[in-house]
Amino acid sequence: MSGDYSHNDSQIDSGSRYNDSHKHKEKYKEKEHKHKEHKKDKDRDKSKYSNSEHKDYSEKKHKDKEKERLKHKDGSSDKPKDKYKDKEKRKEEKLYDGRLKKEKENGFASPLHVKSEPESDDFYLSPKSLKRERDDDDSEYKPKKMKVENEDKSEKKAKKRKQEDENTKTKKKTKDKKGEVADGKKKAKKEPEEKWKWWEEERYTDGVKWKFLEHKGPVFAPPYEPLPEHVRFYYDGKPMRLSPEAEEVATFFAKMLDHEYTTKDVFRKNFFKDWRKEMTSEEKGKITDLNKCNFTEMHEYFKAQSEARKQMSKEEKQKIKEENERILQEYGFCIMDNHRERIANFRIEPPGLFRGRGDHPKMGMLKRRIRPEDIIINCSKDSKQPKPPPGTKWKEVRHDNKVTWLVSWTENIQGSIKYIMLNPSSRIKGEKDWQKYETARRLKSCVDRLRAQYREDWKSKEMKIRQRAVALYFIDKLALRAGNEKEEGETADTVGCCSLRVEHITLHPEKDGQEFVVEFDFLGKDSIRYYNKVPVEKRVFKNLQLFMENKQPEDDLFDRLNTTILNKHLQELMDGLTAKVFRTYNASITLQQQLKELTTADENIPAKILSYNRANRAVAILCNHQRAPPKTFEKSMQNLQTKIDAKKEQLADAKRQLKSAKADHRVCKDEKSKKAMEAKKKAVQRIEEQLMKLEVQATDREENKQIALGTSKLNYLDPRISVAWCKKWGVPIEKIYNKTQREKFAWAIDMADEDFEF
DNA sequence: CCTAGCACTTAGTACGACAGAT
DNA sequence: ATCTGTCGTACTAAGTGCTAGG
């Protein structure tokens with residue numbers, strides 16, 4: 001069941017959508033300021049309506065949350081695995097509820113794999129480590145102890161385990177070979193033969209994220225290196241030496257000189273204000289006008305530097321690469337519950353000028369340098385704590401295993417907290433990702449009921465409910481984001497569904513031959529423009545008219561609604577349901593549907609991949625994932641066309657040759673001419689194939705001009721759909737997912753078979 | 001309730017490495 | 001071998017959604 005309305009008509013083929021958000025931003029500037037004055041209207045209005053039928057939401061639900069975590073294996077395609085043998089595990093198993101236990105009895109146990117753990121430190125990876133410690137009575141998880149413990153185990157047991165280990169391994173190997181022939185040779189080198197399959201283990205259920213965490217802390221930005229003497233800054237035409245502090249900030253600006261940013265008033269104003277804060281009083285007295293500042297020498301210097309970097313010899317480059325690798329090995333990994341896991345961003349953000357997206361009021365402000373004293377370290381008590389650089393201290397070291405981050409600091413632009421967390425390939429991120437798709441799949445099974453309900457609610461006599469129902473309809477049909485409120489003046493003026501304002505939609509009782517058309521035009525996340533004309537049901541249309549009555553353009557469309565109210569409602573309809581689940585659900589179901597529709601059995605692999613990309617594109621369009629057309633787009637498109645033309649010529653030529661060969665053969669009828677003819681035939685075929693490949697490539701690229709496929713692939717599409725599709729049609733998974741993506745989706749690649757249904 | 005703060009996911013872009021063309 | 005275009009990755013901003021505390 002794909003109960004998926006008519007996304008495709010309204011979105012995919014929509015010629016009316018245009019993507020050049022930047023061109024149209026100007027228009028929003030004026031609006032932005034106006035709406036602020038009216039912002040308070042919502043609060044005022046609220047008291048106008050009676051709260052009579054106000055529902056009393058009980059808090060019951062939240063307890064059930066944890067249950068849901070356990071559920072997530074239910075819907076997936078489980079494969080039988082080796083039976084459990086480890087006694088210790090058995091014991092632990094009893095701590096879990098029946099459902100889980102049953103699963104395990106089905107043979108969903110993790111194989112033993114310790115020895116081959118990727119490049120891991122033996123110390124932590126004693127054979128027992130095949131499983132995370134879950135006993136809650138003792139949260140002090142001690143690796144050392146474990147190792148000892150393990151060595152103390154009876155020989156018999158150890159041998160037995162070892163044997164099993166071998167068994168699993170051989171099994172695996174065969175399987176791997178089947179699956180990834182292409183990888184074979186690389187693997188032989190360094191790569192471990194087996195990766196940890198965390199998805200075959202049970203999960204924490206109590207909000208605990210880990211039991212053991214050890215890491216080396218962050219890598220700080222390199223200290224500032226003052227400019228050489230000959231590179232000068234000029235004020236009012238005269239050279240001027242700056243103090244190191246002021247100079248550093250000046251270089252930030254100088255580096256951005258050919259960027260459009262530096263011409264914007266807000267940017268310049270913010271920059272100048274913050275720059276002056278870094279100046280000595282003497283400098284402050286002198287430098288009073290940014291327009292009199294000349295950074296060009298600095299700018300040239302940095303350009304030359306980056307040029308020099310490009311011109312470096314192979315050896316130098318190699319050296320840098322090695323150094324980076326060393327840092328990566330040292331700081332880029334942590335030990336979390338017996339496994340060495342990759343950290344996503346172990347480098348602290350360097351200082352610089354804040355580059356907000358869109359019309360950001362804070363663009364150009366100085367993002368200050370982060371020092372060890374700003375840093376909070378999170379790790380387990382019994383781990384080797386990271387050391388701050390000599391002569392410095394951490395702000396704090398804490399041991400909070402209810403969160404996943406390793407390092408945090410507070411950023412000075414918005415005052416928000418930044419984190420260092422693990423890579424998407426890690427267990428902790430992967431589990432969450434998997435869970436997300438399982439929630440979306442649960443939505444699939446009740447979306448019909450839900451849709452029926454909100455349609456019913458369009459008729460409600462309560463304004464609040466009607467607004468909620470219409471908003472939900474948009475979120476479902478158009479995959480709009482929830483639209484939290486934002487603090488004014490702190491960020492660019494962007495909106496989502498609940499925060500839509502009257503000025504963002506236009507109602508057309510009739511437009512382009514369609515009835516009840518709503519025209520959306522607003523800036524969404526990252527100030528990306530959403531423009532769409534959608535025919536809606538009459539009832540929705542009438543409701544919108546009602547919501548807009550007596551309102552100013554700057555007023556909220558849904559004045560009785562916000563994301564909290566909406567999500568509370570959704571939570572009651574389905575456990576774990578929030579507005580964003582609809583995006584995941586609709587994206588994934590659309591992919592599945594489109595793949596079904598577009599893939600044909602007799603196409604070759606490139607054509608199949610084009611079909612996949614088209615399905616992917618349908619989703620990207622639905623979710624409004626845009627990109628700036630690549631700078632080189634036109635040119636590379638032309639080049640491709642040239643190639644195609646050349647190929648066509650070649651084909652025509654080959655065809656002529658074939659024709660004459662045929663004629664020859666008809667005359668001679670000997671072996672030789674027959675062979676010649678067949679050779680020509682083959683040549684034609686080959687060229688035809690090449691031509692087709694090129695043409696496919698051209699189509700694909702053209703259609704992709706300003707659509708970004710990456711975001712949906714990475715965040716919205718259940719990877720099991722893609723894996724199943726690849727298996728079904730014999731498309732190598734490498735054609736769909738690159739290495740990083742395969743690492744992120746290892747769980748899906750391992751567990752989905754060709755009949756996986758989202 | 002309401003808000004602020006926190007944790008975590010989702011987002012586009014800049015840039016360098018690398019592969020394929022010349 | 002050099003050039004050029006593509007791709008992968010790092011980076012970090014900007015969302016969502018929950019919760020604690022007034």
Side-chain angles (χ1 to χ4, degrees), chain A residues 21 43 51 54 56-57 59 62 65 207 209 256 259 306 309-310 312 317 320-321 324 328 332 344-350 352 354-358 360 362-363 367 376 378 400 402-405 408 410-411 413-424 428-429 432-433 436 481-487 490-492 494-499 523-528 562-568 570-571 576-581 583-584 587 620 623-628 630-633 635-637 639-640 643 697 701 706 708 710-716 737-741:
Chain A
S21 53
D43 311 320
N51 273 344
H54 193 80
D56 178 31
Y57 300 117
E59 291 129 56
H62 289 268
K65 276 255 174 75
K209 304 291 169 61
M256 295 174 81
H259 202 292
S306 79
R309 227 172 301 130
K310 270 183 222 154
M312 275 189 310
K317 278 187 180 165
I320 290 171
K321 210 175 159 187
N324 278 335
L328 173 69
N345 55 324
F346 55 91
R347 286 172 205 276
I348 300 280
E349 297 174 16
F354 177 75
R355 305 158 78 118
R357 318 246 168 97
H360 198 116
K362 299 193 170 185
M363 64 168 82
K367 214 171 88 161
I376 302 176
N378 193 30
D400 181 356
K402 298 277 202 289
V403 297
T404 67
W405 52 268
S408 76
T410 302
E411 152 267 356
I413 304 287
Q414 315 277 1
S416 65
I417 308 171
K418 300 268 191 160
Y419 302 94
I420 290 184
M421 293 184 188
L422 296 194
N423 203 56
I428 212 157
K429 294 289 184 191
K432 199 78 187 295
D433 205 35
K436 172 182 79 187
R481 294 190 186 81
N484 281 315
E485 289 110 309
K486 312 170 58 180
E487 222 177 310
E490 296 292 300
T491 59
T494 62
V495 297
C497 186
C498 293
S499 50
L523 299 182
K525 183 178 180 181
D526 295 307
S527 294
I528 296 291
N562 62 37
T563 53
T564 311
I565 297 171
L566 179 65
N567 281 335
K568 256 194 192 129
L570 292 175
Q571 181 61 228
L577 187 61
T578 61
K580 86 199 249 303
V581 178
R583 249 168 105 79
T584 312
C623 295
N624 200 39
H625 291 141
Q626 300 187 19
R627 62 167 184 178
K631 285 183 201 87
T632 53
F633 186 84
K635 203 173 140 200
S636 73
M637 211 60 203
N639 287 348
L640 197 56
K643 268 196 221 166
Q697 204 187 344
R701 201 185 292 173
Q706 22 188 215
T711 305
S712 50
K713 207 186 221 182
L714 238 43
N715 300 303
Y716 288 103
Y737 291 136
N738 68 30
K739 184 160 161 280
T740 317
Q741 293 163 341

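Lettering of chains follows the sequences in order, A, B, ..., and the numbering in each one begins at 1. Because only heavy atoms are used, hydrogens play no part in the values below, and waters and symmetry mates are left out as well, while side chains stay in.
- Taking only side-chain nitrogens and oxygens, K525(A) never comes nearer than 4.0 Å to OP1 or OP2 of dT10(B).
- Summary of the strand contacts: A708(A) and M421(A) both lie near DNA chain B, and taking for each the nucleotide with the nearest heavy atom, the more 5' one is attributed to M421(A).
- If you check every strand for non-hydrogen atoms under 4.0 Å, K436(A) touches sugar and phosphate atoms only.
- When every heavy atom of R309(A) is checked against every heavy atom of K317(A), the shortest pair comes out as O-CE, 3.9 Å.
- No donor-acceptor contact under 3.5 angstrom links the side chains of N567(A) and T578(A), judged on distance only.
- A straight line from CE of M312(A) to P of dG16(B) spans 10 Å, rounded to a whole angstrom.
- Sequence order on DNA chain B of the closest nucleotides to W405(A) and R583(A) puts W405(A) first from the 5' end.
- Taking 4.0 angstrom as the limit, K209(A) places a side-chain polar atom (N or O) nearer than this to OP1 or OP2 of dC8(B).
- Taking only side-chain nitrogens and oxygens, Y716(A) comes nearer than 4.0 Å to OP1 or OP2 of dA11(B).
- By the 4.0 Å N-to-carboxylate-O rule, E349(A) lies close enough to K367(A) to be salt-bridged with it.
- Judged by distance alone, with hydrogens and angles left aside, K418(A) brings no side-chain donor or acceptor close enough to the base of dT12(C) to form a pair under 3.5 Å.
- At a threshold of 4.0 angstrom between heavy atoms, the contacts of G524(A) are confined to the sugar-phosphate backbone, with no base atom among them.
- Side-chain proximity of R481(A) to dC11(C), dG12(B), dT16(C): nearest is dT16(C).
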